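Following: one structure in structure tokens, then a few remarks.
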Amino acid sequence: MGKKDYAKPGEFTTLELMAVCGARAIKNGEVVFVGTGLPMIAAMLAKRTHAPKAKIVYEAGFIDSNAIDIALSIADSRLGYRASAAIGLIETLGLLLQGGHVDVGFVGAAQIDEYGNINTTYIGDFEHPTVRLPGSGGGNDIVSSAKRVVIIMTHEKRKMVKKLDYLTSPGHLDGPGARERVGLLGSGPSLVVTNFCQMDFDPETKRIRLASVHPGVTLQEIMENTGFDLLIPENVPTTEPPTYEELAILRAIDPHGIYIPRPEQSK
Amino acid sequence: MGKKDYAKPGEFTTLELMAVCGARAIKNGEVVFVGTGLPMIAAMLAKRTHAPKAKIVYEAGFIDSNAIDIALSIADSRLGYRASAAIGLIETLGLLLQGGHVDVGFVGAAQIDEYGNINTTYIGDFEHPTVRLPGSGGGNDIVSSAKRVVIIMTHEKRKMVKKLDYLTSPGHLDGPGARERVGLLGSGPSLVVTNFCQMDFDPETKRIRLASVHPGVTLQEIMENTGFDLLIPENVPTTEPPTYEELAILRAIDPHGIYIPRPEQSK
Amino acid sequence: MVEAPVEDKRITLKEAAKLIPDGAHLFWGGFGFQRPPMAFAHELVRQKKRNLTIYTCGSEMDIDILAGAYVVSHFELAFFAIEGIGLAPNIQRRIREGAVQIEDYTNLAMALRFLGGALGVPFMPLKSMLGTDLLAKSRFRAKKAEVITCPFTGEKVVLVPSVRPDFSIVHVSRVDREGNAQIDGIKGEDVEGARAGKKVIVLAEEIVDTEFIRSQPDQTVIPNIYVNYVVECPWGAYPMMVYNYYDYDMEHVRMYYQQCKTEEGWQKYCEEYITGVEDHVEFLTKIGMERLLKLRAKKPFPY
Amino acid sequence: MVEAPVEDKRITLKEAAKLIPDGAHLFWGGFGFQRPPMAFAHELVRQKKRNLTIYTCGSEMDIDILAGAYVVSHFELAFFAIEGIGLAPNIQRRIREGAVQIEDYTNLAMALRFLGGALGVPFMPLKSMLGTDLLAKSRFRAKKAEVITCPFTGEKVVLVPSVRPDFSIVHVSRVDREGNAQIDGIKGEDVEGARAGKKVIVLAEEIVDTEFIRSQPDQTVIPNIYVNYVVECPWGAYPMMVYNYYDYDMEHVRMYYQQCKTEEGWQKYCEEYITGVEDHVEFLTKIGMERLLKLRAKKPFPY
């Protein structure tokens with residue numbers, strides 16, 4: 001089978017497609033800042049396909065990691081296997097990230113708004129929240145200072161909101177020039193990958209814009225599950241499906257389906 | 001021979017007495033910040049006599065050093081032998097010293113004034129200096145932040161001056177309360193050891209005050225070689241001479257007379 | 001000539017926990033699943049400490065236990081969860097009850113706050129938090145952060161206040177009885193945090209001879225000058241992990257998470273594994289030799 | 001599946017020096033007699049570089065040579081001398097001539113300026129320099145430092161401007177060809193300095209296989225991400241020292257010091273040992289095998 005032999009609908013899961021989308025956002029030689037879960041799988045996939053020279057950094061201190069086993073914690077000893085260095089948080093978040101060496105950072109989100117601002121702290125009112133989420137962790141640091149940011153999340157109306165309950169990590173704030181005005185170093189979110197589509201940011205308004213629709217998903221579905229006004233260009237392509245090669249590698253990376261249940265498991 | 005058997009005049013050199021004075025300024029268990037030369041010898045002597053639990057720190061990064069050979073550079077590998085740790089400058093000058101862990105710091109001086117302010121940078125005018133000295137190094141850091149500071153220097157009129165050519169390291173500045181006013185952490189110089197005498201600081205005026213006169217030295221000699229008005233209390237004791245035990249250990253520490261030429265060498 | 005004596009700073013886990021008065025402020029070491037002072041958390045629970053404030057970057061089951069047992073009332077931190085499983089169940093519940101309050105920072109902000117405390121300066125500069133509610137909203141601190149204009153470049157910089165807690169609690173790989181500590185693998189924020197505390201308690205998987213430490217001084221991560229007390233505490237991070245020593249026990253962690261979804265479940269866990277056992281060794285005995293032996297790291301893997 | 005290739009960043013000493021344009025700003029590694037990039041200094045002299053600015057804490061014969069050969073016109077530093085012997089003879093002379101200017105800081109201030117540059121913030125806070133001419137007088141910087149009142153505590157704090165030089169030059173114990181570097185013994189200010197440079201050149205006593213580095217990632221002091229070029233350069237700090245590798249050659253250093261007391265003596269030294277030899281290997285050959293072999297470190301001593 002060739003490199004560009006695309007898998008057909010039914011031969012891959014949505015999570016697999018999302019991991020592939022994440023991987024493709026990484027260019028060869030880039031320094032990639034990821035957490036556990038889907039971003040870790042995406043970065044490992046990129047490194048084993050088109051971006052073998054990518055360097056994966058985990059905030060706990062693992063630098064240029066070459067882990068062969070799936071990690072459950074950002075500080076998991078598994079990430080130290082054949083790493084270039086194992087140091088600490090000031091090294092990764094301060095010297096590497098804020099120091100300007102990180103090309104692309106991956107984060108998740110409980111809520112985002114139309115400028116890509118992110119909430120991972122509270123659901124509900126700050127004084128009397130409904131749910132207390134894990135908080136920023138290194139998320140705010142990553143979104144503040146990485147050159148590009150990829151957000152991976154599930155696409156639900158209550159998560160794609162007009163107004164965040166709490167602004168944890170800075171997207172494009174209230175629009176063009178806002179990040180520069182408040183003094184942020186990185187250029188903010190550039191891509192959002194969900195279970196329905198990929199979205200990028202309109203360069204003029206800095207608002208979220210539909211970039212590609214996953215195979216089998218309708219525009220209607222996306223709009224119904226988005227709580228803010230999504231910019232929709234005239235021609236929106238279908239997301240390139242995973243290739244058979246990507247799928248094979250992906251399934252070898254996470255053989256027990258810890259983060260990406262196998263097609264047979266997810267049924 | 002007993003611990004308190006004092007050597008007689010002629011049985012020790014002035015440099016040996018100065019090293020002993022330095023050693024006696026160190027209490028057991030204290031953290032001592034020293035450079036090479038006489039302070040290093042003094043600290044090693046203290047550790048082998050009354051202050052075995054003293055911890056010697058060298059700014060290059062050697063912590064709790066137990067060197068057995070005399071070092072020529074502050075970064076000399078000799079200082080790493082059986083040290084507790086070998087790290088770097090931010091560790092020693094920042095985390096240990098500025099962080100408040102250093103009890104006593106030793107420095108030298110090309111000039112001091114009557115408040116114990118120190119010059120190690122320029123002789124002559126700032127715009128057109130006669131001599132460019134080595135500069136602060138870690139000297140200013142030590143005198144700024146150590147809990148106590150001991151200055152060891154030779155006693156000459158051109159070095160004990162009314163006005164410094166350049167203020168490198170802060171003594172008591174212009175008097176009581178001045179260090180607190182500018183925001184300094186440490187309490188400044190507490191002792192000056194010269195080839196003639198020991199001097200401390202009057203608690204009320206923060207001016208230099210004669211504390212003890214070395215055996216065989218006259219008050220006249222000291223006054224003639226001091227360029228500022230030295231406070232002289234009514235009763236000034238004679239400096240306690242080295243004991244035979246101290247001399248024996250001192251000579252074992254620097255057997256080749258690198259910093260303290262042996263009596264026979266110095267003739 | 002006097003031979004330098006080796007100062008012996010060893011105390012027991014029980015003695016170490018007794019040093020902490022109610023209301024004390026602690027730096028809490030470990031990061032994520034790596035080297036949390038779990039055994040120390042258990043002992044604080046056993047000794048019924050109250051009203052502690054904890055400063056940390058990101059912690060997990062260890063601080064969830066401390067919140068569950070009403071040991072901690074205030075956190076200043078960046079992250080808490082049971083990673084890879086879900087939200088921290090006890091902290092959630094205690095927040096709803098009003099028994100726990102959290103002041104939120106980022107991981108970098110917290111790590112720099114420890115570095116600032118360790119360096120003896122009252123703040124550190126930072127380029128995170130700008131433009132967000134982390135800067136705009138505070139829970140209990142009078143002044144959480146301050147934005148200034150850089151006098152050299154004119155750019156905006158956030159200053160975060162340094163932290164000097166009463167105690168720093170860190171769990172390391174090995175230490176000598178004088179307190180010279182080595183940490184294998186990542187250090188998280190422990191290097192800075194260990195130096196920030198007014199008093200420092202180092203717990204370690206093993207105590208080694210001081211000559212071993214002094215034969216390789218460049219391996220010392222926390223020198224003895226900073227350390228007041230040393231506690232030998234093997235398997236002290238279980239059911240979390242210690243690099244080069246042992247892996248986490250996910251079965252136990254999942255059981256904890258499931259059980260703590262209800263207050264009753266948490267009380268049962270606490271009684272069974274913490275308050276109902278005499279000490280750390282009895283806890284390990286309860287877990288069982290077979291389970292522990294299986295978790296030991298297998299070279300060349302650090303897990 | 002693609003096996004990750006090992007990127008090869010090795011270049012020769014000559015190639016490395018060629019990268020430095022006249023007028024460039026350099027972080028200069030090593031501290032005192034420990035690991036100065038001496039061979040790199042020689043090569044800069046051979047290639048007749050001019051008008052460089054050097055940032056360092058405290059350096060010795062290495063920067064005295066650079067000043068003597070008119071390679072460096074500006075220094076920002078805390079200390080220079082030939083330790084244990086006397087003042088740096090060439091720098092003294094070049095200052096009198098007006099060919100060299102020095103902006104004075106303290107060692108901690110310089111180290112923090114590198115840390116600030118490395119951290120991506122425009123300044124760092126400091127409690128030194130207060131009340132002194134180091135704060136009051138500046139030589140060529142428009143703004144050398146700034147005193148502010150802490151917004152949290154009200155105390156006075158000095159801010160020193162961060163440094164991001166064009167290049168960082170460090171000499172380390174060992175490195176792999178990807179640029180992962182290890183440093184034995186003290187690190188001086190090299191950890192921070194190596195991260196402050198826009199480009200980083202790592203010179204090393206030896207190049208080791210990347211698998212050796214990756215078998216002990218917690219020993220890496222400078223990870224490959226920061227490093228642009230790698231130069232194998234054994235005895236690269238001679239006549240100064242490298243921890244665990246070799247001792248200094250004080251006979252040579254004293255000869256240098258005595259000879260450089262006069263301009264003619266310096267010119268003779270420079271011609272004989274630097275410009276008159278083709279490269280570093282020819283320099284070492286001139287020093288002689290017997291002398292070098294005697295200087296090798298003798299275990300368990302690192303010297």
Side-chain angles (χ1 to χ4, degrees), chain B residues 36-37 58-62 68-69 71-82 86-94 97-98 117 119-122 126 129 131-145 164 166-170 173 178-179 181-185 258-259, chain D residues 30-35 57-58 60 77-81 83-85 87-88 91-92 95-96 102 104-109 111-112 115 126-134 136-137 147 155-158 185-192 240-244 247-248 250 297 300-303:
Chain B
T36 50
Y58 296 94
E59 63 183 300
F62 297 111
I68 52 170
D69 290 318
L72 294 180
S73 165
I74 198 72
D76 198 319
S77 307
R78 280 160 185 75
L79 301 173
Y81 181 64
R82 292 189 67 253
I87 309 181
L89 287 173
I90 288 186
E91 185 70 41
T92 55
L93 292 167
L97 177 67
Q98 194 178 265
N117 298 306
N119 176 15
T120 60
T121 308
Y122 288 111
F126 178 71
V131 185
R132 166 65 216 217
L133 301 165
S136 160
N140 173 287
D141 303 309
I142 295 168
V143 180
S144 292
S145 297
L164 301 176
Y166 184 98
L167 202 176
T168 310
S169 300
L173 299 173
R179 287 181 65 94
R181 262 198 307 281
V182 301
L184 287 163
L185 294 173
I258 290 173
Y259 290 119
Chain D
F31 184 68
F33 284 15
Q34 191 69 244
R35 291 183 295 92
C57 284
E60 313 260 344
L77 51 59
F79 183 91
F80 64 97
E83 266 187 285
I85 302 184
L87 298 175
I91 301 186
Q92 292 293 333
I95 289 175
R96 279 198 298 272
I102 296 178
D104 274 287
Y105 286 89
T106 74
N107 270 339
L108 180 56
L112 288 172
L115 178 58
L126 174 73
K127 297 290 286 179
S128 300
M129 293 171 67
L130 289 157
T132 70
D133 283 336
L134 282 168
K137 293 185 181 176
V147 179
E155 73 188 281
K156 296 263 185 287
V157 178
V158 179
I186 56 126
K187 279 83 185 158
E189 79 270 23
D190 281 347
V191 173
E192 299 78 24
M240 298 301 184
M241 74 195 336
V242 174
Y243 195 96
N244 279 346
D247 203 350
Y248 38 65
M250 279 315 286
F301 304 98
Y303 50 94

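Every chain is numbered from 1, with letters handed out A, B, ... down the list of sequences. Keep in mind that what you see is a predicted model, and the values were worked out from it rather than measured.
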When D:G84, D:P300, D:S128 are compared by non-hydrogen pairs under 4.5 Å with chain B, the top option:
D:S128
What part of D:L108 is in contact with chain B, defined as an atom under 4.5 angstrom from a non-hydrogen atom: side chain, backbone, both or neither?
both
Residue part contacting chain B, namely of D:D190, when any heavy atom lies under 4.5 Å
neither
Atom NZ in D:K127, atom OG in B:S145: separation rounded to 0.5 Å?
8.0 Å
Between OG1 on residue B:T36 and CD on residue D:E83, distance to nearest 0.5 Å:
5.0 Å
Residue B:S169 versus chain D: region with a heavy atom under 4.5 Å
backbone
Going from OH on D:Y303 to CG on B:L79, what distance comes out if it is rounded to the nearest 0.5 angstrom?
9.0 Å
For each of B:V131, B:L97, B:D69, tally heavy-atom pairs with chain D at distances under 4.5 Å, and name the one with the top tally.
B:D69
Between CG on residue B:L167 and NZ on residue D:K137, distance to nearest 0.5 Å
9.0 Å
Against chain B, label D:L87 side chain, backbone, both or neither, depending on which of its atoms sit under 4.5 Å from a heavy atom there.
side chain
Given heavy-atom pairs under 4.5 angstrom as the criterion, report whether the side chain, backbone, both or neither of D:M240 touches chain B.
neither
Let's test your reading of the structure: which of B:G183, B:G137, B:A75 forms the most heavy-atom pairs below 4.5 Å with chain D?
B:G137
What option among B:S136, B:A178, B:G135, B:G80 has the most heavy-atom pairs under 4.5 Å with chain D?
B:S136
Which portion of D:E189 sits near chain B, non-hydrogen atoms under 4.5 angstrom:
both
Side-chain heavy-atom pair B:S144, D:M129 within 4.5 angstrom cut-off:
no
Under a 4.5 Å cut-off applied to non-hydrogen side-chain atoms, are B:Y166 and D:T132 in contact?
no
Heavy-atom distance under 4.5 Å to chain D: side chain of B:R179, backbone, both or neither?
neither
Engaged part of B:L164 at the chain D interface, taking heavy atoms whose separation is under 4.5 Å
neither
Between D:A81, D:G185, D:G58, which shows the greatest number of heavy-atom pairs under 4.5 Å with chain B?
D:G185
Between B:I90, B:L173, B:V143, B:N117, which has the largest tally of heavy atom pairs under 4.5 Å with chain D?
B:I90
Residue, of B:D141, B:T168, B:L185, that accumulates the most heavy atom pairs under 4.5 Å with chain D:
B:D141
Per-residue contact mode, D:L126 against chain B (heavy atom under 4.5 angstrom):
both
If I measure from the heavy atoms of chain D, does B:I74 come under 4.5 Å with its side chain, its backbone, both, or neither?
both
Is any side-chain heavy atom of D:F301 less than 4.5 Å from a side-chain heavy atom of B:I68?
yes
Regarding D:D133 and B:Y122, do their side chains bring together a donor and an acceptor under 3.5 Å, going by distance alone?
no
Any donor-acceptor pair under 3.5 Å from D:K156 side chain to B:R181 backbone
no
Should D:F33 and B:D76 count as side-chain neighbours, where that means a heavy-atom distance under 4.5 Å?
no
Relative to chain B, which segment of D:Y248 carries a heavy atom at a distance below 4.5 Å: side chain, backbone, both, or neither?
side chain
Among D:V157, D:L112, D:I102, D:V242, which residue has the highest count of heavy-atom pairs closer than 4.5 Å to chain B?
D:I102
Between CG of D:D104 and CZ of B:R132, what distance do you get to the nearest 0.5 Å?
4.0 Å
